[in-house]
Protein chains: 2
Amino acid sequence: MPRKQVGIRDVAAEAGVSVTTVSHVLNDTPHTRTSDETKSRVREAAARLGYHPNRLARGLRTQASGMVGLITEEIATTPHAGRIILGAQEEASRHNLTLAIINSTLRHEPDVEPSEVQAFLDRQVDGIIYATVYHDEVILPEQMHAVPSVLIGARDRDGEVPSIMPDERAGAASVIDLLVRTGHRRIAFAATSVDVPATRGRLRGYRDGMIAAGLDPSAHVVEAVSEAAGGYEATMALLDHGRSPSERPTAVFCYNDRMAMGAYRAAAELGLSVPADVSIVGFDDQAPIAGSLFPALSTVALPHYEMGAWAVATLAAMIEGRDEADAAGPAPTLLPCPIVERGSIAGPAR
Amino acid sequence: MPRKQVGIRDVAAEAGVSVTTVSHVLNDTPHTRTSDETKSRVREAAARLGYHPNRLARGLRTQASGMVGLITEEIATTPHAGRIILGAQEEASRHNLTLAIINSTLRHEPDVEPSEVQAFLDRQVDGIIYATVYHDEVILPEQMHAVPSVLIGARDRDGEVPSIMPDERAGAASVIDLLVRTGHRRIAFAATSVDVPATRGRLRGYRDGMIAAGLDPSAHVVEAVSEAAGGYEATMALLDHGRSPSERPTAVFCYNDRMAMGAYRAAAELGLSVPADVSIVGFDDQAPIAGSLFPALSTVALPHYEMGAWAVATLAAMIEGRDEADAAGPAPTLLPCPIVERGSIAGPAR
DNA sequence: CTGAAAGCGCTTACAG
DNA sequence: CTGAAAGCGCTTACAG
């Protein structure tokens, strides 16, 4: 191992050509003719020396660092963030881009902190992704327009930056449709009341599904906190409200998997078996929960990986000035939330 | 907003000084005298123009990119990875370093893939972190020694790279000690048999704790798969083995939180209340589970955030050539696994 | 088909 | 106390 890093000059010397030629050969520069013999001399010299171009130097010269910056809001509190990062990273690798990450602490004002954007701009990133799962809208700082940018999980208030969100509404509607097709008619919704896009989208989807099936969309809706405890309470209220079995819901759609976890407990305490006596579905496909419940929970998955990948792919298109760049447009792109069927749905007991 | 990025030359012109002076003033270069009047002229000019030094150019010149690379193995499958990243990122910010991330797919050979290391080297990172949670030992590629490196969750077989691991053994022993002090004597271990550091460490810790209390370390150990289903089976076997209540374990220490989830279900089916009839403890403090169970699960936390932060802090020390760098030494540093007490431990029923 | 030279935006001996 | 100049390692018109 040579102690000093080998540079393009070393390769040129080794191959007996100029650095210009080395650069052209190694980069396959278009509109450049080099004899095959020279080409292979250069390639062999580079290989022999173990030459790897310095991306910093190249970036400085080409004004393109080959880096994209991902600002994640509260990666700490969202266990999903990992999959967004994974999707972004893998897509970045495909485009030969490097992904840098900065975590942003959650702020109460719905606007992105300039200092984190600036840190990336100082590094000459070619693009910036801002990922949030909490806001409807976000106000981007001026600086973010200096470079191609995309938004995950929020809409740009000014409508200038492409954004992507899960289609929670369609996801919820599709799982209601599945329950209907499985034979259920009294389908309850263990809802929650925090005013974020997810709560509204899932409620709308539930209503869409019920109405499409000709069912009453408000007869079996109960609100509770979006935790296991809330799911327990909501399900208790739903299934044990002094109702006769003939008017009791046969399926409970829970706002999220944590609530579904509470719903399982409520069912168990009421002596109801899942899914024989009551079907339960969740939302989120949250890593350890959905697969660890018994029976395993049927739920609706959030396309985190896909959103991360979409963000980088869109950025890459914008960076390369391709047409897809504008195709995104100001309205948020919606990504489907697929149903993950496991074992918690069955036809209603007759 | 000026369309062209403002450079040090613009600041020099605006302030009426040379770029040398601008650089000295803005970097507070030691052994350099500049009149206060000039200093403030420069600073004002920089502020007025909104000047931010190009880190790429600075990196090229100083041979220090200010970037550290984190290679995470299978971030996808380990929900914990997020906290490692968070710890690394926040510590990096403290050192004015930028964190870049590459995901590495899990390989069967216990050695790090060179191409991912090379990708970072090409970017002139100042240091590399390789994070794994699966291996005992890892064989690092030659190239990784070109730059300061640290290992998370694995030991360097060659003993050259500092590494950090959770002290699973001490963590397990401490929670057994807690159960003993709470009055338990028949403490079972729902173990698992995969041969990784975590299984061995937790088993040893369990034995340490039992022996320290003068109890039989093998009377109540059952092995099962490390999932909820395994925890259910193990707990069933442990609590319902045709034993009389007087010889039944009063506490079950589960290999991980997922198994604890199954243990809860087993207890419920046996009509045993947690923690009145049986105390249950887990390990991992896995995000949605531990807090979502009822009662909330007492468990042992893995120091993911701390390992990420330690890695960057150690790297920073090595980069700056400080003494702490060598203090780490070849033996893995062990980080404590703190007990997180929630509601699943109580004194044994008399 | 190949190369000399300028320049990306900084920092840093060195000179004055 | 301040500045002219070299150079980090590349790419890219441009010339031959």
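Below, chains carry the letters A, B, ... as their sequence lines are ordered, and counting in each starts from 1.
Picking from C/dT2, C/dT11, D/dC8 the nucleotide with the shortest atom distance to the side chain of B/Asn27 gives C/dT11. In this structure, the nucleotide among C/dG3, D/dT11, C/dC8 sitting nearest to the side chain of A/Ser18 is C/dG3. Residue A/Thr21 places its side chain closer to C/dG3 than to any other of D/dT11, C/dG3, D/dG9. For A/Thr32, whose side chain is taken as the heavy atoms from C-beta onward, the closest listed nucleotide among C/dT2, D/dC10, D/dT2 is C/dT2. Out of D/dC10, D/dT12, C/dT11, the shortest distance to the side chain of A/Ala57 is found at D/dC10. Nearest nucleotide to the side chain of B/Arg61, out of D/dT2, C/dT2, D/dA6: D/dA6. Of the candidates C/dT2, D/dG9, C/dT11, the closest approach to any side-chain atom of A/Asn54 belongs to D/dG9. Distances from the side chain of A/Ser23 to the nucleotides C/dT12, D/dT11, D/dT2 place D/dT11 closest.
Looking at residues two or more places apart in sequence or on another chain, you find a ring-ring contact (aromatic ring centres under 6.0 Å, His included) between B/His304 and B/His80.
Residues A/Met67 and A/Gln124 are not in side-chain contact: their nearest non-hydrogen atoms beyond the backbone lie 4.5 Å or more apart.
Residue contacts shown for A/Thr38 are limited to sugar-phosphate atoms, with no base heavy atom under 4.0 Å away. At a threshold of 4.0 angstrom between heavy atoms, the contacts of A/Thr34 are confined to the sugar-phosphate backbone, with no base atom among them. Within 4.0 Å of B/Arg33, counting heavy atoms only, lies at least one base atom of the nucleic acid.
More than 12 heavy-atom neighbours from other residues, nucleotides or ligands sit within 6.0 angstrom of CZ on A/Arg123. Counting heavy atoms of neighbouring residues, nucleotides and ligands inside a 6.0 Å radius, atom CZ of B/Arg48 exceeds 12 of them. The neighbour count for A/Arg55 CZ, taken as heavy atoms of other residues, nucleotides or ligands under 6.0 Å away, is above 12.
Positionally, the nearest nucleotide of DNA chain D for A/Arg9 lies more toward the 5' end than for the other of A/Arg9 and A/Thr62. Mapped onto DNA chain D by nearest heavy atom, B/Val19 and B/Leu60 fall at different nucleotides, with B/Val19 at the one closer to the 5' end.
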Give DNA chain D the dot-bracket treatment, 5' to 3': Watson-Crick (N1-N3 with N6-O4 or O6-N4) or G-U (N1-O2, O6-N3) under 3.5 Å, [ ] crossing, | other strand.
|||.||||||||.|||
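Distance NE2 (A/His31) to P (D/dT11): 17 Å, rounded to an integer number of Å. Separating the CZ atom of A/Arg123 from the P atom of C/dC8 is a distance of 22 Å, rounded to the nearest angstrom. When the C1' atom of D/dT2 is taken as reference, atom CG of B/Leu26 falls 16 Å away, rounded to whole Å. Here the C1' atom of nucleotide D/dG9 and the CG atom of A/Leu49 are 15 Å apart, to the nearest Å. Between A/Asp10 atom CG and D/dC8 atom P there is a gap of 11 Å when expressed in whole angstrom units. Protein atom NE2 of B/His24 is 20 Å distant from nucleotide atom P of C/dG9, rounded to whole Å. Rounding to whole angstrom units, CZ of residue B/Arg55 and P of C/dG9 are separated by 17 Å. The distance from atom CD1 of B/Ile8 to atom P of D/dC8 is 18 Å, rounded to the nearest whole Å.
A salt bridge is absent between B/Arg41 and B/Glu44; no separation between the charged side-chain nitrogens and carboxylate oxygens falls under 4.0 Å. For the pair B/Asp28 and B/Arg33, the salt-bridge criterion is not met [side-chain N within less than 4.0 Å of a carboxylate O].
Put simply, B/Gln63 has no side-chain N or O that comes within less than 4.0 Å of OP1 or OP2 on D/dG7. Taking side-chain N and O atoms only, B/Ser35 has a distance below 4.0 Å to OP1 or OP2 of D/dT2. Using a 4.0 Å cut-off, no side-chain N or O of B/Gln124 falls inside it from OP1 or OP2 of D/dG9.
A/Thr38 and A/Ser35 share a side-chain donor-acceptor pair at under 3.5 Å. Judged purely by distance below 3.5 Å, without hydrogens or angles, the side chains of A/Glu14 and A/Tyr51 never pair a donor atom with an acceptor atom.
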